[in-house]
Amino acid sequence: MLEHLDDPVGWTPDREAVVARGRRLRRRRRVLSAGLGTVLSVVAVAAAGVLYVDRRDAAIERVEVATPAPPLDGAVNVLFAGVDQHGGRADTIVVAQVEPGLPLRVLFVPRDLWDPVGQQRMAIAGSSPQSLVDAIDRVLGIPVHHVVTLDMPGFVALVDELGGLELSIQQSMRDRHSGLDLAPAACAVLDGQDALALVRARHLEIRSNELRWAADPTGDLGRMARGAIVASAVVQELAAVGPDPFELDRLSRVLADHAVLDDSLTLDRLMELGRTVAASGAVATDVVPAVPAVHGAAVVLDLAPDADAVLEPFRGGAPSPTAPDVEQPALPQPIATCPGT
Amino acid sequence: MGFDERFDALAAIAYRVAYRILGDRDDAADVAQETLARAYARWRAIAGYDEPWVARVATNLAIARWRRRRPSGPMVEQAIHDPDVLERLGIVAALRQLPRRQRQVLVLRYLADLPERDVAAALGTSVGAVKQLSHRATARVRAELATEGGD
C-alpha cells in the first residue's frame, strides 16, 4: 500500500558502525545495570559521589593517544573534533587552551587546511584522534594534551541536555541543506537540532531588510565565525551547570554514548578543566589565518604568512608584542550571544 | 539465529519504515543505523521477535525525529504541493492518534510490510483480527490525510 513512498535508490547499511555503536551501548548498559542498586543508595551519600563518577567514567569510550610530552607552562590544550556519524571526517576542529585565571582561548582550525606531509585536509586527518593530533602538531606547531571527539547526535544531545543555547538572531536565516530555519529574536533558545543545523550551515541564506533572501557571502570563514559564537554559548551553559550530580550524570551519559576521549582525560580531570573555565568566565576565539591554495586537483587552504601571531599563544608563546590583539577582521554574522548574559 | 544472519533482513525493515515516514535518505539511514545498533545491544532479549521489535523502534525514532523538525515556513508550502509529503504527514498524525492495536498493525503491516501471519503472531492474535484492524487503521490514515490536505 505504501510502496510508492519507498526510496527508489536503496541503501547499504554500515555494518561496522552498527556493531561499534551496539558494543558501546551494550557496555554502557552493563555498567549502569550492574551498579544501579548500589548507585541509588550511594547518591544519597556525598562522599560516595566519587564512586558514582567512577562508574560513569568506565562507560566512556577511550583511545590511547600519544600527545607531545611537555605541558605548556600552566596551560592545557584540549582538542575538540566534531566528527560525522561514521567517524570518517572531522567537520569542526577546535583547540581550546585552558589556563587558570585567563579567558578560555579557542582556536578554530579550517577543515580544508592542507597538511603537506599527510597529503590531506585537516578534515580527513580527523578520521582518527591520533592522526588529527599529529597533523595539528605538524602543520600548526601546536601541542595537544587531550582529545575529545563528539559525533553530531552527541552535539544535539549535549545542547538539549544543557536546556538549549541562548542566542540573539538579528535576521531570518535558513539553510535548506542543513535544515536551518530561524526567525529574528532578541534572545532565542535553540534546541539541539537547531544548533546543529546552524553550525553545519554551508549554504546559508539571510533575509535582508528588503525582505529578500540572499546567499551568505562569508563562506567557510563565516561558518567558523558562527561556530565561535555557538561555542561561546555552549561554554556559558556548561559553566552554569554547577555541581548538581544529576546534571553531571546526564552529561556524562551523553559522553558515554557519543564521545571518544583520550585515556588520560578522566571525568575528574574534565570537570576540573571545566571548573577552571567557569571561574574565568570569558572566552576569546580566533580562527587560523589561511589563504586559498591548490594542491593537485584539490582547492584547499594554506596557512597565511602572518598566521604565527594567532598561533603563538597556543604553542606556548606569548601573543606577538607588536600586535597585542591581532584579530581577523570581524565577519559580521546575524547571530550573537544574548544581551545581558 | 545470530545477529549477523539476520542483519540484512533487519536493516531492510528499519530503513523501509524510517524512509516511509521521513522521506529523506540521510535521516532514514541515521534512524536505521541507530535501530540496528540498539538491536545488537539487546540481541539476546529480542532474538525471538526481532522483526516487530526493529519495526517498532525504527518507527519511534523516526517519529521523534519528525517532531523535532517542526515543519514551518518553506516545508509547509512544500507539503501542500507534494502528495507524498502530505501522505507522510497523514501517516505520522495517524500513528500518534490510533489506538494501540491499530497502530501496531499500521507499523507492522504497512510500514514494515510484514506478512499478515507474522503480524498476527507478533500481536498474539488471529489473521482475521489482523485484517479487521488493518481496515480500521487505513481508514484512519485516509481520514487524517483528508484533514491535513485542508480544503
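Convention: sequence-line order gives letters A, B, ...; per-chain numbering from 1. For the numbers below, each heavy atom of this structure counts, side chains included, while hydrogens, waters and symmetry mates do not. Given the structure is predicted, the values throughout are model-derived calculations rather than measurements.
- The candidate with the highest count of non-hydrogen atom pairs below 4.5 Å against chain A, out of B/Trp43, B/Phe3, B/Tyr110, B/Phe7, is B/Phe7.
- Among all heavy-atom pairs drawn from B/Asp84 and A/His4, the shortest one is OD1-CD2, 3.8 Å.
- Listed here is the closest heavy atom pair of B/Ala41 and A/Gly22: CB-O, 3.6 Å.
- Listed here is the closest heavy atom pair of A/Ala17 and B/Gln33: CB-NE2, 3.7 Å.
- When the candidates B/Asp26, B/Leu36, B/Leu111 are compared by the number of heavy-atom contacts under 4.5 Å with chain A, B/Leu36 comes out ahead.
- Remark: A/Glu3 CD is packed, more than 12 non-hydrogen atoms of other residues, nucleotides or ligands lying under 6.0 Å away.
- Most heavy-atom pairs under 4.5 Å with chain A, from the set B/Arg16, B/Arg38, B/Glu34: that is B/Glu34.
- In terms of heavy-atom pairs under 4.5 Å with chain B, the best-connected choice from A/Ala183, A/Gly10, A/Ala197, A/Ala20 is A/Gly10.
- Considering only heavy atoms from C-beta on, B/Asp4 comes within 4.5 Å of A/Arg15 through its side chain.
- Atom CD of B/Glu5 is surrounded by more than 12 heavy atoms from other residues, nucleotides or ligands within 6.0 Å.
- Under the 4.5 Å side-chain criterion, counting only non-hydrogen atoms from C-beta, A/Leu2 is not in contact with B/Arg88.
- For the atom pair A/Asp7 CG and B/Leu22 CG, the distance stands at 12.0 Å (nearest 0.5 Å).
- No other option in A/Asp14, A/Val18, A/Thr12 has as many heavy-atom pairs under 4.5 Å with chain B as A/Val18.
- Shortest non-hydrogen contact noted between B/Arg25 and A/Trp11 is NH2-CA, 3.6 Å.
- Within the 4.5 angstrom heavy-atom criterion, only side-chain atoms of B/Ile91, from C-beta onward, approach chain A.
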